[in-house]
Chemist: 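Here it is, the structure in full.
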Amino acid sequence: MTKMKLLSATVSMAALALGTTGALAQDDGILVGLVTKTDTNPFFAKMREGASQKAEELGVEFQAFAGKYDGDNDTQITAIENLISAGADGILIVASDTRAIVPTIQKARDAGILVIALDTPLEPMDAADATFATDNFLAGQMIGEWAFKTLGEEAAADARIAFLDAHEAQPTVDVLRDQGFMDGFGIDIKNPDRRGDEDDPRIVGHEMAGGSEVGGRDGMETLLQKDFGLNVVYTINEPTAAGAWEALKAAGKDDGSVLVTSVDGGCPGVRNVGDGVIGATSMQFPLKMASLGVEAVVDYVKNGTMPEPTPGLEFFNTGVTLVTDAPVDGLESIGSEEALDLCWG
């Protein structure tokens with residue numbers, strides 16, 4: 001039996017202020033909430049779409065909340081508190097601050113709410129009941145291996161590699177992708193949970209681009225000043241890659257001499273693969289993450305079944321696919337044309 005829904009007028013108004021969207025309950029009163037970092041990023045928009053569609057299909061109530069900007073922990077806290085007051089049965093969250101949100105997550109779990117982290121593991125990971133995510137280390141590893149094989153062993157030994165990460169915070173999804181890239185490229189990553197302890201002379205430097213196009217452009221300009229001869233660029237996501245390309249183009253380095261890699265699988269990024277802006281990207285599946293999350297909450301409420309991680313991992317792996325129009329031997333991939341049928345945003 002599910003908890004009574006006690007959503008007051010005050011909570012309703014607060015929810016509206018947070019930008020929530022909802023669906024009317026149709027069946028047995030199950031309420032699932034989704035809390036994302038922002039409501040502007042296409043990745044999170046696709047999550048909302050997937051969760052909303054699955055909730056409608058299963059006949060359960062759905063509410064979506066989002067932070068005002070990437071890193072907005074306070075708004076996410078308020079969203080969770082609203083969902084607790086509303087008597088939610090499950091909360092799916094993409095945390096902006098994976099540590100600071102944990103005490104509020106614990107309040108939800110103490111209230112009997114199933115909490116599933118999507119995309120971004122909490123710190124510690126078991127602060128959530130389950131995590132549904134891309135294998136972000138593997139996503140980085142794929143593009144790192146692609147870059148290494150594209151250059152060839154001899155050229156890769158003398159590569160000059162620029163890193164455009166997201167934020168200083170460690171460890172995060174950002175760090176997993178970064179360290180995965182290094183591992184795929186053959187760099188000794190030292191501590192896989194820390195970025196910046198590597199001593200490989202091929203590393204030009206790391207700039208924090210905030211996951212944005214503007215940050216990518218500014219960070220790339222800074223790294224070009226450090227080493228104009230850089231020829232490999234790792235980017236945390238595709239908007240960052242787009243910004244990096246603008247800086248490379250302005251510097252006259254859009255002649256194919258620089259390999260740009262990324263992670264996401266959004267439609268603009270896939271088109272940039274087709275246009276030669278991005279050499280390779282690792283595609284994630286946000287709609288699948290959120291859809292599976294809703295299913296897991298409903299299964300838990302109806303059957304008491306807890307979601308289980310993928311064998312050999314600490315989380316449920318929702319998959320990742322390499323996208324490139326310049327495939328290399330020994331690394332499975334799809335082309336940009338095929339990826340346009342699978343992308344989001």
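Residue numbers start at 1 and run along the sequence shown.
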Chemist: Report yes if the side chains of Val94 and Phe43 come closer than 4.5 Å at any heavy-atom pair, otherwise no.
Modeler: no

Chemist: When Arg109 is tested against each of Ile91, Val115, Leu114 for side-chain contact (heavy atoms from CB on, under 4.5 Å), which residue passes?
Modeler: Val115

Chemist: Between atom OG1 of Thr261 and atom CD1 of Ile236, what is the distance when rounded to the nearest 0.5 Å?
Modeler: 10.5 Å

Chemist: Are a donor atom and an acceptor atom from the side chains of Asn82 and Ser85 found within less than 3.5 Å of each other?
Modeler: no

Chemist: Hey, are Asp72 and Gln76 close enough side-chain-wise for a donor-acceptor pair under 3.5 Å?
Modeler: no

Chemist: Do Asp188 and Lys190 meet the salt-bridge criterion of a basic N to acidic O distance under 4.0 Å?
Modeler: yes

Chemist: May I have the step-by-step check of side chain to side chain contact (heavy atoms under 4.5 Å, CB included) for Glu221 and Leu224, ending in yes or no?
Modeler: CA-CA 5 Å; Glu221 289 173 350; Leu224 282 168; 5.6 Å; no

Chemist: In terms of side-chain geometry, is the basic nitrogen of Lys54 or Glu57 positioned less than 4.0 Å from the acidic oxygen of its partner?
Modeler: yes

Chemist: Taking the side chain as everything from C-beta on, heavy atoms only, tell me whether Glu153 gets closer than 4.5 Å to Phe148.
Modeler: yes

Chemist: Glu81 vs Lys107, test: side chain to side chain contact (heavy atoms under 4.5 Å, CB included). Steps then yes/no.
Modeler: CA-CA 8 Å; Glu81 290 174 344; Lys107 288 181 185 178; 4.0 Å; yes

Chemist: Which pairs pass ring-ring contact (aromatic ring centres under 6.0 Å, His included) with one or both residues in residues 278-336, sequence neighbours excluded?
Modeler: Phe132-Phe316

Chemist: Would you say that Arg202 contacts Val232 through its side chain, given a criterion of any heavy-atom pair below 4.5 Å between the two side chains?
Modeler: no

Chemist: Cation over ring, Lys253 on Phe228, under 6.0 Å and within 45°?
Modeler: yes

Chemist: Below 6.0 angstrom between ring centroids: does that apply to Phe163 and Phe181?
Modeler: yes

Chemist: If the threshold is 4.0 Å, N to carboxylate O, is there a salt bridge linking Asp39 and Arg48?
Modeler: no

Chemist: Are side-chain N/O atoms of Asn41 and Thr38 paired as donor and acceptor at under 3.5 Å?
Modeler: no

